[in-house]
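The structure presented is a predicted model; accordingly, all values stated were derived computationally and were not measured.
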Amino acid sequence: MKIYLMTFLLGLCGCSTLITSHESPEVPRLKRESEEAELINAEKFLALARFEEARVLFRDFQWRHPQSVFFHSARMGEAQALEGMGR
């Protein structure tokens with residue numbers, strides 16, 4: 001009985017390692033930089049008064065990155081583009 005209990009406890013401890021991500025610390029940094037670059041590109045279109053293209057880029061960002069820390073920045077950018085278009 002003790003062997004079964006010990007095996008069960010070891011199995012539970014091992015399961016927690018399966019849940020954690022094995023990504024290198026480099027991956028989140030690269031993902032963040034990539035998302036930031038996308039927003040900077042969309043903001044360039046906004047600054048050039050190309051509002052429809054900026055709106056599309058901001059909307060596309062929101063669709064592809066709903067969990068991003070930059071999600072609300074993209075929503076704000078889309079609102080600014082809509083305002084620029086007079087909507």
Side-chain angles (χ1 to χ4, degrees):
M1 185 66 162
K2 284 184 181 180
I3 293 175
Y4 292 120
L5 182 59
M6 292 297 284
T7 305
F8 178 72
L9 290 175
L10 286 174
L12 285 178
C13 292
C15 289
S16 66
T17 60
L18 294 176
I19 294 172
T20 59
S21 175
H22 296 290
E23 293 179 346
S24 70
E26 192 73 12
V27 172
R29 185 180 66 80
L30 293 175
K31 184 176 188 292
R32 183 182 178 98
E33 288 175 359
S34 168
E35 291 174 358
E36 211 168 1
E38 284 184 55
L39 285 180
I40 289 170
N41 185 44
E43 288 168 355
K44 287 178 184 175
F45 281 96
L46 194 60
L48 294 171
R50 294 172 64 181
F51 301 119
E52 182 60 32
E53 290 128 325
R55 186 193 67 79
V56 169
L57 290 171
F58 285 122
R59 174 64 70 146
D60 184 55
F61 181 90
Q62 293 171 52
W63 184 80
R64 288 184 298 106
H65 307 288
Q67 301 298 321
S68 172
V69 296
F70 300 113
F71 181 80
H72 293 292
S73 296
R75 289 191 65 186
M76 181 64 79
E78 182 184 11
Q80 290 173 335
L82 288 169
E83 182 180 27
M85 293 177 358
R87 292 189 192 174

Are Leu46 and Leu39 linked, directly or through intermediate hydrophobic residues, by side-chain heavy-atom contacts shorter than 4.5 Å (ILVMFWY only)?
yes

Could you measure the distance from the [atom1] atom of [X] to the [atom2] atom of [Y]? Nearest 0.5 Å is fine.
| X | Y | atom1 | atom2 | result |
| --- | --- | --- | --- | --- |
| Asn41 | Glu36 | CG | CD | 13.0 Å |
| Arg55 | Glu53 | CZ | CD | 11.0 Å |
| His65 | Asp60 | NE2 | CG | 7.5 Å |

Please step through side-chain contact (heavy atoms from CB on, under 4.5 Å) for the pair Phe58 and Glu43, ending with a clear verdict.
CA-CA 9 Å; Phe58 285 122; Glu43 288 168 355; 3.9 Å; yes

Mind running salt bridge (charged side-chain N to carboxylate O under 4.0 Å, His left out) on Glu35 and Arg32 for me, showing each step along the way?
CA-CA 5 Å; Glu35 291 174 358; Arg32 183 182 178 98; over 6 Å; no

Ignoring hydrogens and angles, write down the donor-acceptor pairs under 3.5 Å from the side chains of residues 70-86, residues two or more places apart or on other chains.
| unit_1 | atom_1 | unit_2 | atom_2 | d |
| --- | --- | --- | --- | --- |
| Glu78 | OE1 | Gln62 | NE2 | 2.9 |
| Glu78 | OE2 | Arg59 | NE | 2.8 |
| Glu78 | OE2 | Arg59 | NH2 | 2.6 |

